[in-house]
Amino acid sequence: MSEPVQYETLTKAVLVKSTKDGIYGETATTIAFENEGAGLYVVVSQSPYDSEQKIAITNEEWPAVRAAIEQMLAICEAHNGKAAGSV
């Protein structure tokens with residue numbers, strides 16, 4: 001007699017959105033797991049103007065991608081702060 005099948009619950013996606021917009025807002029961002037046979041990876045997507053745009057990130061890539069994003073955001077913050085202060 002074979003063992004009974006085990007089941008688990010896995011959240012496949014998380015939605016980040018403005019509290020003022022619906023779940024299909026142009027700036028709603030979905031962070032989801034994908035798997036095309038080589039294991040799980042994360043896909044970040046938005047669907048502005050009914051056209052999905054996405055990037056895929058593996059565990060190995062994440063530290064470099066995160067560092068680059070944080071560096072660019074810091075530059076934006078510094079630039080925007082200077083622009084705001086110069087008005």
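Quick note: residue numbers are just sequence positions, from 1.
We find the CD-CD1 distance between Glu70 and Ile75 to be 12.5 Å, quoted to the nearest 0.5 Å. Note that the OG1 atom of Thr30 and the CG atom of Leu15 stand 5.0 Å from one another [nearest 0.5 Å]. Here the CD1-OG1 distance, from Ile31 to Thr11, works out to 12.5 Å after rounding to the nearest 0.5 Å.
No donor-acceptor pair under 3.5 Å is formed between the side chain of Gln46 and the backbone N or O of Thr29. For the pair Ser18 (side chain) and Lys20 (backbone), a donor-acceptor distance under 3.5 Å is present.
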Original post:
Yes or no on side chain to side chain contact (heavy atoms under 4.5 Å, CB included) for Asn59 and Tyr41, after CA distance, side-chain angles and deciding distance?
Top reply: CA-CA 7 Å; Asn59 287 6; Tyr41 59 95; over 6 Å; no

Original post:
Can you list the steps and then say if Asp21 with Thr27 is a side chain to side chain contact (heavy atoms under 4.5 Å, CB included)?
Top reply: CA-CA 9 Å; Asp21 293 331; Thr27 61; 3.8 Å; yes

Subject >> Chi angles and distances behind the side chain to side chain contact (heavy atoms under 4.5 Å, CB included) call for Val44, Ile57 >> reply: CA-CA 8 Å; Val44 180; Ile57 304 169; 4.2 Å; yes

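Contact of the Phe33 side chain with the Leu10 side chain is registered, since non-hydrogen atoms from C-beta on lie closer than 4.5 Å. For the pair Ile23 and Lys17, the minimum side-chain heavy-atom distance is below 4.5 Å.
A pairwise comparison of heavy atoms in Lys54 and Ser45 identifies CB-CB, 3.4 Å as the closest pair.
Transitive grouping of hydrophobic side chains (ILVMFWY, heavy atoms separated by less than 4.5 Å) keeps Val43 and Val65 in distinct clusters. Val14 and Ile69 sit in two unconnected hydrophobic clusters of ILVMFWY residues. Membership requires side-chain heavy atoms under 4.5 Å apart, directly or through other members.
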